[in-house]
Amino acid sequence: MSLPADIAVGRIAGVFGIRGELKCDPTSAGRTVFSPGMELRCERGADSSNVRIVSVRPHGRRTLLRIDGVEDAEAAVKFAGAIFYAPRDRIALAANEYLDDDLVGCNVDDVSGKRYGAVERVEHFPSNDLLVVDGRMIPLVSAIVTEIDLEKRRILVDPPAGLL
C-alpha cells in the first residue's frame, strides 16, 4: 500500500487585513504543523510552488499566516483558495490516531463479513468523528470501530442494531 507523501494541512480562505496575512482553515492534521520557517507545498489550481511560512498566529478557529515575499493584500490575494501540503513525516500522530487521507478509500466490513462500502470522507464534530460510507455515518469510536488495518485498507466495525 502506498500512502500519499504529502498531506493537506490547510486551505486559504482569503486575505486578512492589508499587510498580506492569509486566513487559513487548517485540517485536523494542520492544527499542529504550522510554524515560522516551515516550508510547505502550495497548490492553486494547476499551479504548485513551495512557500516558507514567516509568521503564524491563532484567530478564532482559523490560523493567520504570513508567507515569505508576501507583504500586502494585493500580493496575498493570489493565494485565496490555495491548499497547503506538508510532508507526512512532519505530522506526529498518537497511538490509534489516523489521518483522514489514510482512512478514505478503506473498505468497511462488519464482524460478520458484510461489506458496507468504502470510506468517502471523515467528518469532524465536537463529540466524535464520523466515517461517511455510502451516505451512512459511522461514529469513529472504539465501541463501534473495532479494527483499522491500513495495510489491508480495511476497517472492521461492530455496529449496534439499527445503526447501519
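This is a predicted model, so every value here is computed, not measured.
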List for me each residue that meets side chain to side chain contact (heavy atoms under 4.5 Å, CB included) alongside V132, sequence neighbours excluded, and say none if there are none. E120, R121, E123, M137
Would you check, one step at a time, whether the test side-chain contact (heavy atoms from CB on, under 4.5 Å) holds for R41 with S48? CA-CA 7 Å; R41 183 168 52 89; S48 181; 3.6 Å; yes
Side chain to side chain contact (heavy atoms under 4.5 Å, CB included) against P87, all qualifying residues, sequence neighbours excluded: D6, D89, R90
Could I get the full list of side chain to side chain contact (heavy atoms under 4.5 Å, CB included) partners for V33, not counting sequence neighbours? V9, M38, I91
What residue pairs, at least two apart or across chains, pass side chain to side chain donor-acceptor pair (under 3.5 Å) with a residue in residues 71-82? R66-E71
Looking only at heavy atoms, the pair that brings A13 and D25 closest together is CB-OD2, 3.6 Å
Side-chain heavy-atom pair P36, V54 within 4.5 angstrom cut-off: no
Shortest non-hydrogen contact between P26 and R61, atoms and distance: CD-O, 4.1 Å
Please round to the nearest 0.5 Å and tell me the distance separating atom SG of C24 and atom CZ of F16. 14.0 Å
I'd like to check I138 versus L164 (side-chain heavy atoms, cut-off strictly below 4.5 Å). Are they in contact? yes
Other residues, nucleotides, ligands: >12 heavy atoms within 6.0 Å of D47 CG: yes
Applying side-chain contact (heavy atoms from CB on, under 4.5 Å) to C42 and I83, what does each step give before you reach the verdict? CA-CA 6 Å; C42 175; I83 306 289; over 6 Å; no
Same cluster for I12 and I53 if Ile/Leu/Val/Met/Phe/Trp/Tyr side chains link at under 4.5 Å? yes
Applying side chain to side chain donor-acceptor pair (under 3.5 Å), can you list everything that pairs with R44, at least two apart in sequence or on another chain? none
With a 6.0 Å cut-off (strictly less than), is the heavy-atom count around CZ of R19, excluding the residue itself, greater than 12? no
Residue pairs involving residues 155-164 (criterion salt bridge (charged side-chain N to carboxylate O under 4.0 Å, His left out); sequence neighbours excluded): none
Which pair of non-hydrogen atoms, one from T27 and one from G10, has the smallest distance, and what is that distance? CG2-N, 4.0 Å
Quick one: which residue pairs count as a side chain to side chain donor-acceptor pair (under 3.5 Å) with a foot in residues 103-112, not counting sequence neighbours? D109-R115, D110-S112, D110-Y116
For a 4.5 angstrom cut-off between non-hydrogen side-chain atoms, does L150 reach L103? yes
Of all residues at least two apart in sequence or in a different chain, which pass the ring-ring contact (aromatic ring centres under 6.0 Å, His included) check with H124? none
With a 4.0 Å cut-off, would you call R88 and D101 a salt bridge? no
For I18, check side chain to side chain contact (heavy atoms under 4.5 Å, CB included) against everything at least two apart and list the hits. none
Just do the side-chain contact (heavy atoms from CB on, under 4.5 Å) check on V119 and V108 with the steps written out, would you? CA-CA 7 Å; V119 175; V108 177; 3.7 Å; yes
Would you mind listing every salt bridge (charged side-chain N to carboxylate O under 4.0 Å, His left out) that reaches into residues 135-150, with sequence neighbours excluded? E147-R154
Would you say that P139 contacts L163 through its side chain, given a criterion of any heavy-atom pair below 4.5 Å between the two side chains? yes
Are V141 and V133 connected in a single hydrophobic cluster, I mean Ile/Leu/Val/Met/Phe/Trp/Tyr linked by side-chain heavy atoms less than 4.5 Å apart? yes
ILVMFWY network linking L64 to V15, side-chain heavy atoms under 4.5 angstrom: no
Going only through I, L, V, M, F, W and Y residues with side-chain contacts under 4.5 Å, is there a path from L140 to I144? yes
Is the shortest side-chain heavy-atom distance between F79 and I67 below 4.5 Å? yes
Applying ring pair (Phe, Tyr, Trp, His ring centres under 6.0 Å) as the test, list every pair that has at least one member in residues 22-57; sequence neighbours left out. none
Rounded to the nearest 0.5 Å, what separation is found between the OG1 atom of T63 and the CZ atom of F84? 11.0 Å
In the structure I gave you, are the side-chain heavy atoms of L130 and V122 within less than 4.5 Å of one another anywhere? no
Co-membership, hydrophobic cluster, residues L40 and I7, 4.5 Å side-chain: yes
Side chain to side chain, I155 and V145, heavy atoms closer than 4.5 Å: yes
Any ring pair (Phe, Tyr, Trp, His ring centres under 6.0 Å) involving residues 125-159? Give me the pairs, sequence neighbours left out, ordered by first then second residue. none
